[in-house]
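Written out below as structure tokens is the structure these notes cover.
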Amino acid sequence: MQTDFYRGARAGMANMSGSMSDKQKNAISPRRDEDFPEWYQQVIRAADLAENSEVRGCMVIKPWGYAIWERMQAELDRMFKETGHRNAYFPLFIPLGHLEKEAAHVEGFAKECAVVTHHRLELRDGKLVPTGELAEPLVVRPTSETIIGAAYARWVKSWRDLPILLNQWANVVRWEMRPRLFLRTAEFLWQEGHTAHETRAEAEEETMKMLRVYEKFAREFLAIPVLTGEKSESERFPGALRTYCIEAMVQDRKAIQAGTSHFLGQNFSKAAGIQFQGRDGAVEHAWTTSWGVSTRLVGTLIMAHSDDDGLVLPPRIAPAHAVVIPITPKEDSKADVLAAAEVLATSLRTASFAGAPVAVEVDARDLGGGVKSWEWIKKGVPVRIEIGPRDLAQGTAAVSRRDRPHRDKEFLPVADIPGRIPEILKEIQSGLAARAVAFRTDHLRTMDSKEQFYEFFTPKNSAKPEIHGGFALAHWDGSAGVEEKIKNDLKVTIRCIPFDESPEPGTCPFSGGPSRQRVVWAKSY
RNA sequence: CGGGGUGUAGCUUAGCUUGGUAGAGCGCCUGGUUUGGGACCAGGAGGUCGCAGGUUCGAAUCCUGUCGCCCCGACCA
């Protein structure tokens with residue numbers, strides 16, 4: 001089966017007629033197949049999700065973008081609570097000394113830390129200059145293992161104090177060289193779960209449990225299939241014993257790490273001194289985990305589902321499920337149309353989707369119907385409902401779906417709409433998920449020869465690389481040398497070593513050495 | 001941080017080679033006609049041409065430096 005993400009847009013274009021088609025075919029220019037990175041930025045602008053700020057690498061998340069993040073937060077927070085976690089908040093500033101305690105951690109994060117060295121500004125010759133140097137500089141958290149570890153060390157005395165199962169919603173700062181809206185910003189929003197356990201087995205189980213939470217969230221809410229597995233040593237979190245991840249494929253066939261869960265062993269508890277007296281009276285170090293997802297999920301969502309007309313939101317994560325658009329061509333019927341729109345919205349809100357009332361917006365702005373419709377198309381709202389004077393007479397409204405060409409509309413009796421919308425939302429959700437699965441299936445290849453591998457990851461046009469490649473399932477001898485070589489040659493890395501109940505041994509096509517199992521290779525964000 | 005590209009109104013851009021103090025389209029505002037698919041007519045607002053120096057009688061244009069952004073590389077969620 002050939003999955004074509006552009007099919008919808010083409011069908012839409014074929015339906016177009018009149019002056020519009022001469023003017024503009026798609027809302028977003030360039031199209032995905034012309035220039036994917038530029039398309040991505042234009043979608044963000046067209047949907048009014050975010051913009052770059054005056055500080056390099058930082059972004060302003062605008063209301064519609066933030067609403068998507070809030071939806072993610074709401075569902076994840078619920079899932080964390082269901083798995084026994086509670087929220088807390090730890091400081092933004094970390095004493096420099098804390099960061100020095102775990103060697104691998106220092107190595108991993110030292111290069112990208114913002115450091116606070118002063119606590120006062122003085123006005124000199126009209127310029128503000130920092131004064132009041134701090135005795136010990138403070139690091140703006142790039143992640144919170146160290147400062148949370150220090151707190152856990154204070155809190156834990158006995159095995160009865162364990163486990164500690166906390167999460168925090170916070171911002172973190174990593175001074176990135178190449179920022180990209182949502183995908184990699186100097187400051188980003190995330191959640192970080194931090195747990196401490198009595199036994200190794202318990203901590204390992206926790207690590208895996210939270211990975212499963214992320215996987216379920218991605219599949220059920222974002223409609224994005226993800227591969228799960230373990231990171232190779234070179235991709236592991238600094239200081240972790242094992243790093244597990246969910247990896248998604250987006251429409252340029254690159255991989256994106258959408259969430260991680262780390263088994264930290266006793267590394268951080270030894271560094272921070274998280275010790276307790278066990279059931280046998282012996283003093284032991286706790287076993288810790290950490291796990292997180294960030295606003296990168298918003299970028300992942302955009303790249304996974306959106307099309308050449310803008311954002312496409314899966315209903316289960318959309319801030320609004322439906323928008324009612326009053327069409328008010330005549331002054332004398334305007335009040336009636338607006339009133340009917342409100343009545344329709346109100347009745348629609350009595351319907352429920354996925355266990356909650358259908359979220360409805362009414363766009364009562366005094367603008368042309370086409371203008372308003374296009375705005376909501378670009379914002380990715382799953383369902384648009386237009387209601388105008390003719391509908392009033394007939395008791396109907398025109399229903400359009402974001403997963404269908406934008407010209408398609410179905411006139412439904414108003415009375416049927418509250419009953420019908422939840423079904424449509426369900427169809428859109430499962431349709432987007434199915435399409436994403438099919439897309440990934442099409443671009444996931446099992447391969448055994450080096451030649452095939454290199455061909456797969458080499459664009460035909462090197463000057464202006466077309467969308468190519470995907471995920472390659474190939475054997476690997478487990479050596480960092482092979483990883484290094486492939487990365488240098490093709491910019492392809494091991495995204496994860498999939499969990500495999502019965503691994504199929506084979507031969508590494510790059511070294512000829514023995515391989516325990518196939519691993520997932522891809523270009524990545 | 002290295003290589004390449006690029007900065008002119010909110011967006012897209014003309015002008016730069018051959019210096020003479022800025023033009024368009026979209027968007028925005030007002031009025032009218034419109035509104036079921038990104039409307040039309042008329043009027044209007046908006047730019048110290050990224051910033052700082054320099055050359056010159058005069059700089060968007062030439063020179064130097066610097067900053068931002070984009071792409072590639074290193075690094076990363």
Side-chain angles (χ1 to χ4, degrees), chain A residues 12 15-27 29 35-38 40-42 45-46 51-57 107-112 142-143 172 174-186 188-192 214 231 234-235 237-238 243 245-247 256-262 291-300 309-310 325-331 333-334 337 365-378 384 386-392 394 396-398 400 405-409 411 462-465 487-488 491 493 524-525:
Chain A
N15 279 343
M16 304 264 262
S17 60
S19 60
M20 254 281 295
S21 62
D22 306 321
K23 234 172 131 184
Q24 205 171 348
K25 295 179 172 81
N26 301 105
S29 173
D35 185 345
F36 195 83
E38 181 61 23
Y40 173 76
Q41 305 214 117
Q42 294 304 327
R45 176 149 59 192
E51 63 186 34
N52 279 308
S53 86
E54 45 275 72
V55 179
R56 179 183 156 77
E107 176 73 23
F109 286 109
K111 293 183 290 291
E112 50 184 17
T143 178
V172 285
R174 297 180 188 175
W175 217 259
E176 294 294 344
M177 297 303 173
R178 256 181 70 193
R180 284 254 259 148
L181 285 171
F182 290 113
L183 300 175
R184 184 176 297 108
T185 47
F188 57 93
L189 307 183
W190 76 348
Q191 63 60 221
E192 46 181 326
Y214 290 151
K231 284 293 187 189
S234 64
E235 301 265 336
F237 178 76
T243 287
C245 62
I246 56 170
E247 290 281 332
I256 183 163
Q257 179 175 311
T260 49
S261 186
H262 314 293
W291 28 274
V293 296
S294 71
T295 36
R296 175 178 257 202
L297 282 177
V298 178
T300 305
D309 286 325
I325 302 171
I327 308 292
T328 53
K330 296 188 175 56
E331 200 57 44
S333 60
K334 188 178 277 186
V337 171
R365 293 174 303 165
D366 190 17
L367 291 170
V371 173
K372 290 197 279 191
S373 282
W374 274 105
E375 220 169 278
W376 292 105
I377 290 169
K378 289 185 282 191
R384 304 185 302 282
E386 294 176 6
I387 184 162
R390 293 209 296 273
D391 295 308
L392 252 47
Q394 292 159 21
T396 60
S400 308
H406 58 78
R407 281 244 173 189
D408 285 10
K409 61 172 81 165
F411 286 87
S462 59
K464 192 179 179 300
K487 189 175 179 179
N488 288 337
K491 294 162 207 133
T493 52
S524 71
Y525 277 93

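Residue numbers start from 1 in every chain, and the chains themselves are labelled A, B, ... in the order their sequence lines are given, proteins ahead of strands. Since the model is a prediction, treat every value here as computed from it, not as a measurement.
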Between [N] ([atom2]) and [X] ([atom1]): distance, integer Å:
X      : N      : atom1 : atom2 : result
A:F237 : B:rC76 : CZ    : C1'   : 12 Å
A:Q42  : B:rG38 : CD    : P     : 22 Å
A:E38  : B:rC69 : CD    : C1'   : 11 Å
A:R390 : B:rG36 : CZ    : C1'   : 5 Å
A:R365 : B:rG37 : CZ    : C1'   : 15 Å

Using Watson-Crick or G-U wobble geometry with both distances below 3.5 Å, tell me the partner of [N], or none.
N      : value
B:rA14 : none
B:rC49 : none
B:rG31 : B:rC41
B:rG68 : B:rU6
B:rC1  : B:rG73

Residue [X], side-chain heavy atoms: nucleotide from [options] that is nearest:
X      : options                : value
A:W374 : B:rG38, B:rU35, B:rC72 : B:rG38
A:K491 : B:rC75, B:rC72, B:rG37 : B:rC72
A:V371 : B:rC75, B:rG36, B:rG38 : B:rG38
A:H406 : B:rG38, B:rA77, B:rG37 : B:rG37
A:R296 : B:rA77, B:rG37, B:rU35 : B:rA77
A:E112 : B:rC69, B:rC76, B:rG38 : B:rC76
A:S400 : B:rA77, B:rG37, B:rG36 : B:rG37
A:K487 : B:rC75, B:rG36, B:rG37 : B:rC75
A:R45  : B:rU12, B:rC76, B:rU35 : B:rU12
A:K378 : B:rA77, B:rG38, B:rG36 : B:rG38

Keeping the roles fixed (side chain from [X], backbone from [Y]), state whether a donor-acceptor pair exists under 3.5 Å.
X      : Y      : value
A:K372 : A:I327 : no
A:D309 : A:A27  : yes
A:E51  : A:R45  : no
A:T295 : A:F188 : no
A:Y40  : A:L181 : yes

| message | For A:E107, I'd like to know if atom CD has over 12 heavy atoms of other residues, nucleotides or ligands within 6.0 Å. | response |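 12 or below, so no.
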NA contact type, [X], heavy-atom cut-off 4.0 Å: base, sugar-phosphate, or nothing?
X      : answer
A:T185 : base
A:A398 : base
A:I256 : nothing
A:Q41  : sugar-phosphate
A:F411 : base
A:T328 : base

| message | Taking donor-acceptor contacts at under 3.5 Å, does the side chain of A:K372 reach the base of B:rG38? | response |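 Counting by modelled atom types and ignoring angles, no donor-acceptor contact under 3.5 Å is found here.
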Atom [atom1], compared across [N] and [M]: separation rounded to whole Å:
N      : M      : atom1 : result
B:rU8  : B:rU61 : C1'   : 11 Å
B:rG20 : B:rG58 : C1'   : 7 Å
B:rG65 : B:rC29 : C1'   : 41 Å
B:rC26 : B:rA42 : P     : 12 Å
B:rC16 : B:rG50 : P     : 16 Å
B:rG7  : B:rA14 : C1'   : 15 Å
B:rC41 : B:rG5  : P     : 42 Å
B:rU12 : B:rA74 : C1'   : 34 Å

| query | Does B:rG37 have OP1 or OP2 sitting under 4.0 Å from an N or O in the side chain of A:K409? | reply |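 Checking B:rG37 against A:K409, no side-chain N or O comes under 4.0 Å of OP1 or OP2.
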| message | Between A:K334 and A:E331 (salt bridge meaning N to carboxylate O under 4.0 Å), is one present in this structure? | response |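 A salt bridge links A:K334 with A:E331.
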| Carboxylate-amine/guanidinium contact A:K231 A:E247, below 4.0 Å |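 Between A:E247 and A:K231 there is a salt bridge, with a charged N closer than 4.0 Å to a carboxylate O.
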